[in-house]
Q: 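Would you mind keeping the following structure in view while I ask a few things?
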2 protein chains.
Amino acid sequence: MMTSSPLTIGDLAKATGTKVVTVRYYERIGLLPPPRRTGGNYRAYEPMHLDRLRFIRRCRDLGFTLDQVRELLHLSSQEGKSCGEVDRIAAAHLAATEEKIADLTRLAGQLRRIISRCEGGGVIADCRIIEALSPCAEEDESC
Amino acid sequence: MMTSSPLTIGDLAKATGTKVVTVRYYERIGLLPPPRRTGGNYRAYEPMHLDRLRFIRRCRDLGFTLDQVRELLHLSSQEGKSCGEVDRIAAAHLAATEEKIADLTRLAGQLRRIISRCEGGGVIADCRIIEALSPCAEEDESC
DNA sequence: CATGGGGTCTATAGTCGCTATAGGGTCAAG
DNA sequence: CTTGACCCTATAGCGACTATAGACCCCATG
C-alpha cells in the first residue's frame, strides 16, 4: 500500500474543479487549513485537504453560503453531537431556495406577459415593453 | 392647476420605495441625472426624476441588471427607433431567469432528497446530511 | 434667539464569493 | 542554460448596494 505524495495547489484545484485562486481564497478566509510548505514555499496538500475541499465544493454546488459551509464543517467534526443543527441549516437553505424559485417564477411570468404584448416590428414610441416598464404614478394625470 | 415643488432626496426615495443612499448611488453611476441643488446644497428633484427612478425600480424589481436598465433607459428615449433591441434585452433576461429557475429547482430537489434521509434524532457521526455532503473520491477505498 | 432633532451632505469602507492583475520566484524538460 | 508552466504575495475589481463617520442644514419649539 503506497502513501500518496502531497499535492500542489494546481493538483488540488484540478481534483476538485476549483480554481487555484479560489483555493488560496478559501485558505485566507479560514475555510481550508493552511498546508505545510515545500522548500520553494509551495503549498503541499495532504489527502485531508482534498476531502475538506471536496466537502466545501459540494456544499457550494448545493448553494450553501460560505458561512453555512463553515458551520457545517465545524459540525461535521463533532461526531458525538446531535445532528439537529445540521438539519436546521439544510432545511433553512432549502426553504430559502424554494422562496427564490417562487420569486423568480412570479418574475418570469411578468416578463412573459410584458414581452408577449410587443409586436416586435414597431418603434420605441409604441413599444409595449417600454410602456410596461414605465409605471404611472396615481397622481399623474397623463396616465 | 398647481405646479409641484421640487422633491428632496428623502421624498423621492419614499415615493419610489428606494433608500436614500441608493438614490445617491444611482446618481454616482450615472443612472439618474444629477438634479439642481438648493442654497443649502440639497438635491432638488423634478417630476422627471421621479419618472426615471420609477422606471429604474420597476426594471430592478423585474430583475434586470443595472447595465440592462441603463440600456433600456437609453432606448426608451429614442422614440423613433425600432423596438427590436428592447425585445432582445427582455427576452434575454427572461431566458436567464428561466434558466436560473431550472437550476434552483434541480438544487432544491437534491436538498430535499438529502434532508429526507436524515432521521433528525441521531448524532453527527451517523448524519445522512453530512454524509451526503462528503462526496467520496473514486480512488478512496474507504467508500 | 438658542436648542434639539431630523434630514441632508461628502467620502470611505464593507458586504459576498470570487476574479484579475502585477511583479516576482521555482521547477523540470530539452 | 533557457524556456515555459507552474507557483508566490499583494492589491484591486466586480455588482448592487449598505454602513459608517463627521459635518452641515432646516424647522419647530421654548
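Keep in mind that what you see is a predicted model, and the values were worked out from it rather than measured. Chain letters run A, B, ... following the sequence lines, proteins first, then strands; residues in each count from 1.
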Q: Separation of B:Asp61 atom CG from D:dC17 atom C1', in whole Å?
A: 14 Å

Q: Check this one for me: any side-chain N or O of B:Thr8 less than 4.0 Å away from OP1 or OP2 of C:dG7?
A: no

Q: Any idea which of D:dT9, C:dC9, C:dG17 is nearest the A:Arg37 side chain?
A: D:dT9

Q: Rounded to the Å, how far apart are B:Ile29 CD1 and D:dG13 P?
A: 16 Å

Q: Kindly point out which of D:dC8, C:dC18, C:dC16 is positioned nearest to the side chain of A:Leu66?
A: C:dC18

Q: Starting from P on C:dC16, measure out to CZ on A:Arg60 and report it in whole angstrom.
A: 12 Å

Q: Indicate, with yes or no, if B:Leu66 and B:Leu32 share a hydrophobic cluster defined by side-chain heavy-atom contacts under 4.5 Å among Ile, Leu, Val, Met, Phe, Trp and Tyr.
A: yes

Q: Look at the side chain of B:Arg24 and decide which nucleotide, out of C:dT8, D:dG15, C:dT19, has an atom nearest to it.
A: C:dT8

Q: Inspect the surroundings of CD in A:Glu99 and state if more than 12 heavy atoms from other residues, nucleotides or ligands are less than 6.0 Å away.
A: no

Q: Looking at D:dT18, C:dC9, D:dC8, which one has an atom nearest to any side-chain atom of B:Thr22?
A: D:dT18

Q: For a quick check of understanding: with a heavy-atom distance under 4.0 Å over all strands, which category does B:Thr38 fall into, base, sugar-phosphate or nothing?
A: nothing

Q: Can you tell me how far C1' of C:dA11 sits from CD of B:Glu27, to the nearest Å?
A: 14 Å

Q: Tell me: CG of A:Leu32 to P of C:dG17, nearest whole Å?
A: 16 Å

Q: Do A:Leu73 and A:Phe55 have side chains that get closer than 4.5 Å, going by heavy atoms?
A: yes

Q: From the set D:dC7, C:dC9, D:dC17, return the single nucleotide nearest to any side-chain atom of B:Asn41.
A: C:dC9

Q: Under 4.0 Å from OP1 or OP2 of D:dC7: is there any side-chain N or O of A:Arg43 that close?
A: no

Q: Whole-Å distance between D:dC17 P and B:Arg70 CZ?
A: 12 Å

Q: Given D:dT9, C:dT19, C:dG7, which nucleotide is nearest the side-chain atoms of A:Tyr25?
A: C:dT19

Q: Nearest of C:dC9, D:dC7, D:dT18 to any side-chain atom of B:Lys19?
A: D:dT18

Q: Less than 3.5 Å apart, any donor N or O on the side chain of A:Tyr26 or A:Arg57 sitting next to an acceptor on the other?
A: yes

Q: Do B:Tyr42 and C:dT8 share a donor-acceptor pair, side chain to base, under 3.5 Å?
A: no

Q: Kindly say whether, by distance alone, the side chain of A:Tyr26 makes a donor-acceptor pair under 3.5 Å with the base of C:dG17?
A: no

Q: Find out whether A:Leu62 and B:Ile114 are in side-chain contact, i.e. whether some heavy atom of one side chain is under 4.5 Å from a heavy atom of the other.
A: yes

Q: Send over the distance from B:Ile9 CD1 to C:dT10 C1', rounded to a whole Å.
A: 12 Å

